[in-house]
Amino acid sequence: MEAAGDDAAAAVRMRAAVKRLSFGTAEERAEAAGEVGRLARSDEGRKRLLPELGVVPPLVSMLADARGGGAGARMAAAGALLELARGAHRNKVHIVQAGLLKKLPLLMDDKDLSRSQELALLLLSISSLANTDFPLASSELLPFLVAVLSADDAPADTKLPCLGALHNLSAKLEHVRDVASSGAVRALLALSLDRKTSEAALSVLGNLAATAAGREEMEEDEAAPRALVEAMTWHDAPRCQEHAAYLAMVLAHGSRLQRRRMRRLGVVQALLEVSLLGSPLAQRRAAKILQWFKEEGQDRIRAHSGPRMEGASSASCDDGGEGAKDRRNAVDRIVKQSLDRNMKSILRRATASVDLTSVKLLVGSSSSKSLPCETLHP
């Protein structure tokens, strides 16, 4: 009896909210949006029924309405749409079909709304449609996400849901090219240097690195090696180290330029530390990259350590400058050989520290993207 009374009261509230949303004053519409959010949050059945009563189009219109109700009304509309979208696939479709994504460019000038966590969480919820058969237009969603991620005044609590939305999009091959060409890589690399957003940003970069378009964008950005080397030094953030080591493998594989950039930034020291102190997965990845650097150094030493031609020796005797250069080269070779011996010793220790009996478990528990890269050869 009491339940029936509650349902009857809720039905009255729903009808009143629908009427005020469509025909009320600005203040009444803002109050009605808050009521819709409360009704959707209180009961799953009401959440499914509300869009059928027509509440979604006026709520979407309120988001971009700069005249009626002010920022409070727009925030209330965003909150109501978020409650309707949570865990309800059909409601998300209703919201997209009502034109939410097309209105995003109009929301950029409203700093309160565009930087709000409510709107970011709503877009995260909508982005999950990328994992369904619904034709989500990522080109309409990406500019807003990248703008928020690039904004200095957007808080981490807003950027994290936007990163989650990018992750949903980048996980699908039909969207990853749009993500890579949207300017997201530069924003992601900057966010990878922030402890609050680093893991999420590196995870999205890992999705992008699994495709040719994503790798090209990363290779062209000179900030990439520095960001990865920095993340690999965070021993209190093992997931960041694992993501950074994976991305370093992708960049270093087959690219002398990228290996040279990383070497200048101190990647060898960072990799040595990861190979000894990192998680088992990070250790394996670091050891593989160190092996590439070691083999590259051996090739360079072999190329310059052969017997000297007699003519070259006599010429160096005649030219003091050339002789000094030869002596410096000889010292460099000795130093490199010493470093090579040290690296061999450290590599043996790093390899021994990995529990080989759990490799299959580690590979199975890691993302599928890491599998081909474990067997890469430079």
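Since the model is a prediction, treat every value here as computed from it, not as a measurement. Heavy-atom basis, side chains included; hydrogens, waters and symmetry copies ignored.
Remark: L106 engages A64 in a side chain to side chain contact (heavy atoms under 4.5 Å, CB included) (not counting sequence neighbours). Judged as a salt bridge (charged side-chain N to carboxylate O under 4.0 Å, His left out), and not counting sequence neighbours, the contacts of E31 are R20. The side chain to side chain contact (heavy atoms under 4.5 Å, CB included) check on D110 picks up R74, D112, L113, with sequence neighbours excluded. In this structure, the side chain to side chain contact (heavy atoms under 4.5 Å, CB included) partners of L277, at least two apart in sequence or on a different chain, are H235. Residues forming a salt bridge (charged side-chain N to carboxylate O under 4.0 Å, His left out) with E44 (at least two apart in sequence, or on another chain): K47. In this structure A76 satisfies the side chain to side chain contact (heavy atoms under 4.5 Å, CB included) test together with A33, sequence neighbours excluded. Here R38 pairs with E35 under the salt bridge (charged side-chain N to carboxylate O under 4.0 Å, His left out) rule; sequence neighbours left out.
R259 approaches F293 most closely through the heavy-atom pair O-CE2, 3.5 Å. Across all their heavy atoms, A180 and E217 have their closest contact at O-CG, 3.2 Å. Taking each heavy atom of S170 and V204 in turn, the nearest pair found is OG-CG1, 3.8 Å.
Pairs passing the salt bridge (Lys or Arg N to Asp or Glu O under 4.0 Å) check and including a residue from residues 155-172, sequence neighbours excluded, do not occur. The salt bridge (Lys or Arg N to Asp or Glu O under 4.0 Å) pairs that include a residue from residues 134-153 are K102-E140, R115-D153, where partners are two or more places apart or lie in different chains. Listed by first and then second residue, the side-chain hydrogen bond (donor to acceptor under 3.5 Å, both in side chains) pairs involving residues 116-126 amount to none (not counting sequence neighbours). Residue pairs meeting the salt bridge (Lys or Arg N to Asp or Glu O under 4.0 Å) criterion with at least one partner in residues 182-196, sequence neighbours excluded, are R186-D221, R195-D236. For the salt bridge (Lys or Arg N to Asp or Glu O under 4.0 Å) condition, the pairs that include at least one residue of residues 82-94, sequence neighbours left out, are R41-E83, E83-R86.
Side-chain N/O atoms of N168 and S128 include no donor and acceptor closer than 3.5 Å.
A side-chain contact (heavy atoms from CB on, under 4.5 Å) with L101 holds for exactly one of I95, L141, L142, V60; it is L141.
The shortest distance between side-chain heavy atoms of T211 and R177 does not fall below 4.5 Å. Annotation: side chain of L145 is in contact with side chain of L169 (closest heavy-atom distance under 4.5 Å). Side-chain atoms of L59 and L84, non-hydrogen and from C-beta on, do get closer than 4.5 Å to each other.
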